[in-house]
Asker: 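Here it is, the structure in full.
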Amino acid sequence: MSTALEQATRLLAELTDAAAEGVWSAPGRVNLIGEHTDYNEGFVLPFAIPHRTVAAVARRRDDRVRVASTFAEEPVEVALAELDELFPTAPGSAPRVAEWAAYPLGVAWALRQAGIESSGIDIAIASDVPVGAGLSSSAAIEGATASALNELWGAGLDRTALARIGRRAENEAVGAPTGIMDQMAAMLGESDAAIFLDCRSLDAVTVPVGLADAGLEILVIDTRVSHAHSTGGFRERRASCERGAALLDVRSLRDVSTSDLARAGRVLDDVTFRRVRHIVTENQRVLDTVRTLREHGPRAIGDLLIASHASMRDDFEISVPELDTAVEAAVEAGAIGARMTGGGFGGAAIALIERDAERAVTDAVRAAFAASGFAEPTVFTVVPSAGAGRDT
Ligand code: GLA
């Protein structure tokens, strides 16, 4: 099988006779801990994975932009000026272009909105980040496109600014009300380190995870239950958080601490309270995980991962039976910790395991899925990997 880089290069050659200017790529991510905290201005601890999305790019002589993807039959082409009519997409409605094309075109639009001078471009995209698995295939497209255009359009933006461009594309062009975690992970990833991000200040610190030295691995269990964050549940959870913050009279749930929860319980209805409690305790768990990693290493964070999953299952209610089964079966088979990762309502779980337990845990998860009548999950290991960059 050819690599995403070869596929993107070939697709570009089919699209245009013009010489490729270069190839850029950006990774997907898993989140070690800190779920739904990003848009509450809280803390997250994701890391970039080896799976990447690749954008091969050529200049055009006219003022048009064309995007092609190995996932789509036909390229999408518009005049650069037309981008300003296509976007923003009205909240809750579908983009006026094919959804996959709204990611790269949305990045081009967001750069123009930021005052960057644009010129005609052809972009060919290929990816080995699983789509709909909660591994941020969308932020990978945004990161690869933003990195390419940053250079070709001479924008000179730094990595954090490019992450903001990617989030703007996701929020306003695609119409998904997500936070900035995925784009920051795609831009800032480093090998063997997680990114400890304060989503209020966007200050980011890399935290060594030390998996290999400890003889550990991270297993991804993709349930293959597909999800989309532009719809339903994600938007509804975000609204609950905003309601909770308003009723507690704070700017965001970042400003609520665990010692405030007793009062919150008196002020809020049961559902809003449980949504708030997830965010508040999850922020604390991120801080605890960073401290524990630094002081005791990765073997000591298992209980925090397990507590995070329980909070998402019971308080935030974003898990599904397949994710719960993956986590329970992994832990029963000896995983040190496990939790769903990403936005929820499907997607993937991660399990922290001893390197030599990979077979046993994988088999146990597969058997548990079969016993419950679920479709077979896709199981693979990941290591913290590099962020977006130029490949050729
Ligand atoms: C999705 C969003 C992120 C974040 C997570 C949940 O991945 O894109 O911004 O909100 O869900 O932690």
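First listed ligand is number 1; within each ligand, the first listed atom is number 1.
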Asker: Kindly check if the number of other-residue, nucleotide or ligand heavy atoms within 6.0 Å of CG (Asp158) is above 12?
Answerer: yes
Asker: Under the side-chain hydrogen bond (donor to acceptor under 3.5 Å, both in side chains) criterion, do Ser252 and Glu41 qualify, and how do the steps go?
Answerer: CA-CA 7 Å; Ser252 72; Glu41 299 188 307; 2.9 Å; yes
Asker: How are the rings of Phe380 and His51 set relative to one another: parallel (under 30°), tilted (30 to 60°) or perpendicular (over 60°)?
Answerer: tilted
Asker: Any N or O of Asn31 that comes nearer than 3.5 Å to an N or O of ligand 1?
Answerer: no
Asker: Run the salt-bridge test on Arg339 and Glu35 with the 4.0 Å N-O cut-off and return the result as yes or no.
Answerer: yes
Asker: So do Arg64 and Val78 actually touch side chain to side chain, heavy atoms under 4.5 Å?
Answerer: no
Asker: Pairing donors with acceptors under 3.5 angstrom, does anything connect the side chains of Asp324 and His309?
Answerer: yes
Asker: For Met181, counting its heavy atoms only, list the atoms of ligand 1 lying under 4.0 Å from any of them.
Answerer: 4 (C), 5 (C), 12 (O)
Asker: Report yes if Phe234 has an N/O atom closer than 3.5 Å to an N/O atom of ligand 1; otherwise report no.
Answerer: no
Asker: What are the atoms of ligand 1, with element, lying closer than 4.0 Å to any heavy atom of Gly179?
Answerer: 9 (O)
Asker: Mind checking whether Tyr39 has an N or O less than 3.5 Å away from an N or O of ligand 1?
Answerer: no
Asker: Indicate, as side chain, backbone, both or neither, the part of Arg29 found under 4.0 angstrom from ligand 1 when only non-hydrogen atoms are considered.
Answerer: side chain
Asker: Below 3.5 Å, N or O to N or O, backbone or side chain included: is there any such pair between Ser136 and ligand 1?
Answerer: no
Asker: With atoms numbered from 1 as shown, which atoms in ligand 1 lie under 4.0 angstrom from a non-hydrogen atom of Asp182?
Answerer: 1 (C), 2 (C), 3 (C), 7 (O), 8 (O)
Asker: Does the distance from a Lys or Arg side-chain N to an Asp or Glu carboxylate O, for Arg112 and Asp84, drop under 4.0 Å?
Answerer: yes
Asker: Provide the number and element of each atom of ligand 1 under 4.0 Å from a heavy atom of Asp38.
Answerer: 3 (C), 4 (C), 9 (O), 10 (O)
